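The structure appears right after this line, and notes come after that.
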Amino acid sequence: MKVAWLPVGLREGFRSACTPRMTPSNLPVRRAVLSASTKHFSTSTRLHAGIAAPEIKFGGRGEADGEIEEPPFFARLVPDSPSYFTAQPIFIDDLLALQSLVRRFSALPTVKPGEAPRVAWRSLVEYRNMVGESVKASKYHKIIELLQRLNSIHPSLMPPEVKAALNEYKKDINPYQNDTKVIPIDSLGRALGAGRRKSSTARAWVVEGTGEVLINGKTLAEAFGRIHDRESAIWALKATDRMDKYNVWALVSGGGTTGQAEALTLAVGKALLAHEPGLKPALRRGKSSELICTSTPASFYYLVQF
């Protein structure tokens, strides 16, 4: 057997067993290698930091030796959330937190349907910007459902944890708490309403009369050549069956004829509500029991929000 093939330790032992002579040239080198390897891989805390690993804490020690138990050292970073390895960890954490609140406080009494405080929740775009994740609308709808369930808890019994969770998803400004500005009726019985549509603006004075309509000093047919624009201009009166009860004088400017007609829809509707506030449900439906129109102006959907 060739001695050169053996490891260093076995090679020295083999030579010592075969020959009574010592090999002084190799012994110092071997001792230096052993001492260096021992110094490198020792777990003693007396070595410099960065050269050796920290001292291993074996089980059963610490309390018996009078030492303070230290937290375990992990070779890899441990995520703060178990949802770290999912595609959307922040959304999953929010969903699980709300589900936990619903389970904890499911026994609390709730208000009747429709009597819960109206809250404007953050939109999907605002939530995406808040968490920094591309959350789908269907997933965010699950959060809205849980928020509505928590919001239905009776206000006098709502826990602080639930209030804090609801405030996190509320908009900074609640539009439902804004006071609606009441349009006054002047001494001549006129109510002034204003409306906009794209770059078009309109102002309409509505007063009790016989159904006369003047727009920029022109009749309805002269101001708007298309039938659709004419219907849009007086849509609020037709939807509430008030064509022969009020007169309309309007001033429109900017944009095209379609934009002006739809801006006039909003202006006439606001002025009409000043005379008869009870017509708001009819304007929301967009039709009366006797009149059904297949085409509804786009600005009409802005009107029913007031």
Side-chain angles (χ1 to χ4, degrees), residues 118-120 123 125-126 171-288 291-306:
R118 299 186 68 183
V119 179
S123 63
V125 177
E126 293 175 346
K171 286 187 175 181
D172 299 333
I173 299 177
N174 190 355
Y176 301 116
Q177 296 179 354
N178 297 338
D179 296 332
T180 304
K181 184 178 179 180
V182 180
I183 299 177
I185 299 177
D186 60 11
S187 58
L188 300 178
R190 299 174 301 181
L192 173 61
R196 292 183 179 180
R197 173 64 175 164
K198 295 183 179 179
S199 59
S200 303
T201 58
R203 290 184 298 166
W205 286 266
V206 176
V207 63
E208 293 187 9
T210 58
E212 183 180 357
V213 179
L214 290 178
I215 302 172
N216 289 347
K218 303 177 182 179
T219 62
L220 185 62
E222 293 174 350
F224 301 108
R226 297 177 60 212
I227 298 179
H228 177 74
D229 294 339
R230 299 174 194 171
E231 293 180 349
S232 299
I234 57 174
W235 176 261
L237 298 176
K238 295 180 66 175
T240 56
D241 197 12
R242 295 295 189 274
M243 287 290 299
D244 300 332
K245 187 177 180 180
Y246 293 97
N247 294 341
V248 177
W249 287 274
L251 295 176
V252 295
S253 61
T257 56
T258 301
Q260 292 177 358
E262 294 183 353
L264 193 57
T265 306
L266 186 58
V268 174
K270 287 182 177 180
L272 180 62
L273 288 179
H275 288 279
E276 299 183 58
L279 293 177
K280 191 170 184 178
L283 291 176
R284 285 185 179 274
R285 290 192 299 268
K287 60 183 179 180
S288 63
L291 176 64
I292 299 177
C293 185
T294 57
S295 60
T296 304
S299 60
F300 183 76
Y301 294 104
Y302 295 94
L303 170 63
V304 298
Q305 297 177 3
F306 291 89

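By convention here, the first residue in the shown sequence is residue 1. All values below were derived from every heavy atom in this structure, side-chain atoms included, with hydrogens, water molecules and symmetry-related copies excluded. This structure is a prediction, so every number in the text was calculated from the model and none was measured.
- Residue A267 comes nearest to G195 through the heavy atom pair CB-N, 3.7 Å, listed as atom of the first residue, atom of the second, then distance.
- Residues I215 and L264 meet the side-chain proximity criterion, which asks for heavy atoms closer than 4.5 Å.
- Between atom NZ of residue K280 and atom CG of residue L272 there is a gap of 13.0 Å, rounded to the nearest 0.5 Å.
- Here the shortest heavy-atom pairing between S199 and G255 reads OG-CA, 3.5 Å.
- Here the side chains of L283 and T240 are in contact, with some heavy-atom distance below 4.5 Å.
- For the pair T258/K198, no side-chain contact is recorded, criterion being any heavy-atom separation below 4.5 Å from C-beta on.
- Listed for the N247 side chain is a donor-acceptor partner under 3.5 Å among the backbone atoms of T210.
- Summarising the geometry, atom NE2 belonging to H275 is positioned 4.5 Å from atom CD1 belonging to I185; distances are rounded to the nearest 0.5 Å.
- The CG atom of N216 lies 14.5 Å from the CH2 atom of W249; values are rounded to the nearest 0.5 Å.
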Under the side-chain contact (heavy atoms from CB on, under 4.5 Å) rule, what do L273 and I183 come out as? Steps first, then yes or no, please. CA-CA 8 Å; L273 288 179; I183 299 177; over 6 Å; no
side-chain contact (heavy atoms from CB on, under 4.5 Å) for R242 and L279? Distances and angles first, verdict last. CA-CA 10 Å; R242 295 295 189 274; L279 293 177; 3.5 Å; yes
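- Residues K171 and E126 are in side-chain contact: their nearest non-hydrogen atoms beyond the backbone lie under 4.5 Å apart.
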Assess whether side-chain contact (heavy atoms from CB on, under 4.5 Å) is satisfied between V268 and W235, documenting all intermediate values. CA-CA 8 Å; V268 174; W235 176 261; over 6 Å; no
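- Proximity of E276 to K245: side-chain heavy atoms (C-beta onward) are separated by under 4.5 Å at one or more points.
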side-chain contact (heavy atoms from CB on, under 4.5 Å) between L266 and R197, intermediate numbers included: CA-CA 9 Å; L266 186 58; R197 173 64 175 164; over 6 Å; no
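- Judged by distance alone, the side chain of R190 and the main-chain N or O of V207 form no donor-acceptor pair under 3.5 Å.
- Scanning both residues, A263 and S200, for their nearest heavy atoms gives CB-O, 4.0 Å.
- Checked by atom type and distance alone, the side chain of T265 pairs as donor or acceptor with a backbone atom of S232 at under 3.5 Å.
- Under the 3.5 Å distance criterion, the side-chain polar atoms of R230 are matched with a main-chain donor or acceptor of G225.
- A233 and F224 make their closest contact through CB-CE1, 4.1 Å (heavy atoms, listed as atom of the first residue, atom of the second, distance).
- Counting only distance, with no hydrogens or angles, the side chain of D186 and the backbone of L188 share a donor-acceptor pair below 3.5 Å.
- One finds the NZ atom of K238 at 4.0 Å from the CD atom of E231 (value rounded to the nearest 0.5 Å).
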